[in-house]
Amino acid sequence: MQDEGAVPAGASAPRGYVRGEWGLVHYRAAGDRGPWVVLFHESPLSSAVYDKVLPLLAGSARAVAFDTPGYGLSEPPDRPREIPDYAGVLLGAMDRLGIDEFTAVGAHTGASIAVQVALQAGAHRVRSLVLSGVPVYSDDDRARHLQSWAPEVGPVADGSHLSWGWARYQRIWGEESDPALLHFGAISLLSNLERYSWAYNAAFRHDPVPDLQRLECPVLLLVAEHDLLVEADRRSVDLLRHGELREVPDLVGQLPMRAPGEFASNILRYAAGDGPGPAAGDVPAPAPSDDARS
Amino acid sequence: MTNGPKTRRGYVDTSAGQMHYREAGDGAPLLLIHQALRSSLEFRLVLPLLGESRRTIAVDLMGYGDSDQPESAYMVTTHADRVAELIDGMALGPIALGGHHTGANVALEVAAKYPDKVTALVLSGPAVVVGEEERIALVEKMSAIDYPGPQADGSHLLSIWREGLVSSFDVPRLPGSDPELLADFFLEQIKVGPRRKEAHVAAFSHDALDRAPLVRVPALVLSGKQDMWTCARGKELAARLPHAELHEFDMAGEMPRLEPRQFADAVCAFLERSQ
């Protein structure tokens, strides 16, 4: 494997900054017509997770993938904040970009953020949601994760933090994962060691159950069969008024990178209003799928 | 943390894609260009210092930092064309231009090729290759270096980290006592990606002595006495520049990162004298 890129291979989408309450918010954008689709990433990665998905959305939607404040190139808050705070800042960035009615997409921490963005924007602006691994935990798991999931690790002169970062991604994404994918995960973590725990811990402190129950729009839970949070999604679907659960077999997660075609075609289905529930619309042609099960 | 004006960031569109930059301060603009295989982080410590007296912009050359990967080769002349586009794209007007190592070669090339865009020039340790024989030897040496891609055991990360301590010419880079500077270096290498060898080889593509006489504006040459030999030829280069002064540092070649105050003071004093 020769690809040493910090982002997965694929056409790079135009990027930009928009002002936010805590500083600049960085994003990748694709497409100039069709419904708005906003995408939020899992901790501690960046909008680069959507590099393979954005070109697939571009023909039928106007897609904007955001770096959560403190991740990628978005500027951080001055101290740890909560999921509703992150969502408020990102919704402010969406307003400045002129995004009115939208479909929100998110994985893990990004799923909690997407749900909060939808609730804060109001039902009239939200067409649908596509979520992957909504962080629903028992109180015990929540406390345990806050204690131990994201330990403090500083850069060390001998580089031992690099080995730690690599081993971490081997553990949570699987040793058999493509080294380029592990490289992307580890580098995303290592490029933000100082504050990588902030959004993780915000997600562990936030209970999305009441949020999910309040949603009025169609919601697709699209999750990998072996995702760390697949059990949670299997339960969460019953909390939703208009919910659908769809599992992608054989994968451990990171659907935007491991199954971009399937991920994109499901987003387009929901962005067009073809999910369960009251909304209805035209079905776009499915995006070509060249997904690799690795 | 260094005090001083807050650093801002942005993108400029060029014919080869998006160019990313960071900047600090207001007033007459100074544009700084990093060395090969690095990024605008080269001037992370310098920006707030120079930003106190002028608008100081540090750009990521194409293929480095957060700028797009170019389809073309990483030649000094190509980088110079993109910098000229950025000067126009940001409507900076004629500006003071500076660079470090290969970035200084790019700055020199902009001043030689686009004289109307530059009012003053800061050349910090540009590569001064003397003769075709030396160039061929350097290119052969750089071409022989192995640049490992992602390995299943992650060992490529550690080998890139260690490159931050000493260069392939055994010149000291960054001190092991400063993990933050090493982390900057590490991320810069990672962001170049699979084209690191190509970028390293192209760094020696420029003939500084041949281009220097074309520079019409005042120039400050900064030189690290213990730097790699090609970058320590400040005296020889200054002699070929029509209006040059020389400022030597008693160190190897990481002046903007290791001596940001001295670097900023030397640049500031020069710009005040010359403008």
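For clarity, every value in this text was computed on a predicted model and none was experimentally measured. All chains are named by letter (A, B, ...) in the order of the sequence lines, taking the proteins before the strands, and each is independently numbered beginning at 1.
- Considering only residues two or more places apart in sequence or on other chains, Pro35(A) meets the side-chain contact (heavy atoms from CB on, under 4.5 Å) condition with Arg127(A), Ala271(A).
- More than 12 heavy atoms of other shown residues, nucleotides or ligands fall within 6.0 angstrom of atom CD in Glu225(A).
- Across all their heavy atoms, Asp68(B) and Arg15(A) have their closest contact at OD1-NH2, 2.7 Å.
- The nearest pair of heavy atoms linking Leu190(A) to Phe186(B) is CD1-CE2, 4.4 Å.
- Contacts between Leu162(A) and chain B at a heavy-atom distance below 4.5 Å involve backbone atoms as well as side-chain atoms.
- Contacts of Glu21(A) classified as side chain to side chain donor-acceptor pair (under 3.5 Å), with partners at least two apart in sequence or in another chain: none.
- Contact of Ser159(B) with chain A is not made at all, since no heavy-atom distance falls under 4.5 Å.
- Proximity to chain A involves both the backbone and the side chain of Arg9(B), based on heavy atoms less than 4.5 angstrom apart.
- For Gln170(A), the part sitting under 4.5 Å from any heavy atom of chain B is the side chain, from C-beta outward, and nothing else.
- The number of heavy atoms from other shown groups lying within 6.0 Å of CD (Glu198(B)) is above 12.
- Residues of residues 15-38 of chain B having a heavy atom under 4.5 Å from any heavy atom of chain A, listed by number: Gln18(B), His20(B).
- With a 4.5 Å cut-off on non-hydrogen atoms, Leu73(A) touches chain B through its backbone and its side chain both.
- The two atoms that bring His183(A) and Ile190(B) nearest to each other are CE1-CD1, 3.7 Å, heavy atoms only.
- Residues Pro179(B) and Pro155(A) come closest through the heavy atom pair CB-O, 3.5 Å.
- Residues forming a side chain to side chain donor-acceptor pair (under 3.5 Å) with Glu188(B) (at least two apart in sequence, or on another chain): Ser39(B), Arg257(B).
- Heavy atoms closer than 4.5 Å to chain A are found in both the backbone and the side chain of Leu158(B).
- Between Leu182(A) atom CG and Asp153(B) atom CG the span is 11.0 Å, to the nearest 0.5 Å.
- The contact between Asp66(B) and chain A is made by backbone and side chain atoms together, counting heavy-atom distances below 4.5 Å.
- Within the 4.5 angstrom heavy-atom criterion, atoms from both the backbone and the side chain of Leu157(B) approach chain A.
- One finds the CH2 atom of Trp166(A) at 8.5 Å from the CD atom of Gln151(B) (value rounded to the nearest 0.5 Å).
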